Amino acid sequence: MIFDCAGKSLDLSAPRIMGIVNVTPDSFSDGGKFLNHDAALKQAEKLIAEGADILDIGGESTRPGSDIVAEQEEIERVAPVIELISAEFDIPISIDTMKPGVMRAAVKAGAGLINDVNALRTEGALAAAVELNVPVCLMHMQGTPQTMQNEPHYDDVVAEVKAFLLERVDTCIKAGIKSEQIMLDPGFGFGKRARHNLRLMKHLSSLTELPYPVLVGVSRKSIIGDMLKVTVDERLAGSLSLAAISTWLGAKLIRTHDVKETHQAVKLSQAVMQVEDFD
Ligand SMILES: Cn1cnc2c(O)nc(N)nc21
């Protein structure tokens, strides 16, 4: 279960941490802090020191209602930062994008994993991913970031998300993506009401039992706000609780803003899972 991310390896035989570096002015949780390259590099350094196993670089916010960013603008945001981080540190880098042109520019700059919230459905994205030959994370989203929270509806959210992801896997493998380069993600908050997010979490093992590592991103998200009625900057405890639950249920990669604390939560969860039953 070792992913080769453009020469940098990500060992998913145990739960790992994906640190978030948003290079966007409007991301819901840290928008605007890392638009300049030095700040982004400092953030990368901090997250690595705190225990990140991979860094996710995003140039277009995907929070509900976020603005669409033109491809060239997105490239100009992410490529220099990826180049800097890739040259400075040995850590695998994922590119958080839906656009094929950004995927190409990011991998050229040193990214080694495509994190696509649209599961390579954008015109040209699947072909780009096949050509780039790096691991991909396929995530479920109902609608688009602009529309997804309007009226999300499911008859059976767990079954429908699972079926969608398996259909994407089938399409990707048929197009030439290697199955051992695929990761799955239920897409918490992407076209889901609170009850949908809770059901997906409760039945996460329906995804983690599949032969693909599962990535979970709940950091500071509405699943926490809805249940605890707390603002974005008061969601650390909730984020850690769900990180522990996710790893207990088999998630192998936790995407988070709070690497240090999440690393501790995951380490504890793993210690419980791995302790010998007898002396
Ligand atoms: C970019 N991004 C925001 N939330 C995410 C999530 O839950 N999963 C993945 N793979 N990417 C996300």
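Counting from 1, the numbers follow the sequence of the chain as shown. In this text the structure is predicted, and so the values were computed from the model without any measurement. Order of listing sets the numbers, starting from 1, for every ligand and every atom in it.
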Test item: side-chain donor near acceptor, T24 and N22, under 3.5 Å: no

Partner residues of E209 under the side-chain contact (heavy atoms from CB on, under 4.5 Å) criterion, sequence neighbours left out: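 For E209, the residues satisfying side-chain contact (heavy atoms from CB on, under 4.5 Å) (neighbours in sequence not counted) are K162.
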
If you measure from the Lys or Arg side-chain nitrogens to the Asp or Glu carboxylate oxygens, is any gap between D38 and K42 under 4.0 Å?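 The answer is no: the pair does not qualify as a salt bridge.
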
Residue contacts for ligand 1, heavy atom to ligand atom, distance under 4.0 Å: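 These residues qualify: T62, D96, N115, V117, C137, M139, D185, F190, L215, G217, K221, R255.
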
Check I177, L138, V134 against I114 for a side chain to side chain contact (heavy atoms under 4.5 Å, CB included) and give me the one that passes.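 By the side chain to side chain contact (heavy atoms under 4.5 Å, CB included) criterion, I114 pairs with just one of I177, L138, V134: V134.
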
Please list all pairs passing the ring-ring contact (aromatic ring centres under 6.0 Å, His included) test where one or both residues lie in residues 156-188, with sequence neighbours left out.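 Listed once each, the pairs are H140-F164.
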
Between side-chain atoms of residues 84-94 and protein atoms elsewhere (two or more places apart, or another chain), which donor-acceptor pairs fall under 3.5 Å?
| residue | atom | partner | partner atom | Å |
| --- | --- | --- | --- | --- |
| S86 | OG | K8 | NZ | 3.3 |
| S94 | OG | L55 | O | 3.3 |
| S94 | OG | D56 | OD1 | 2.7 |

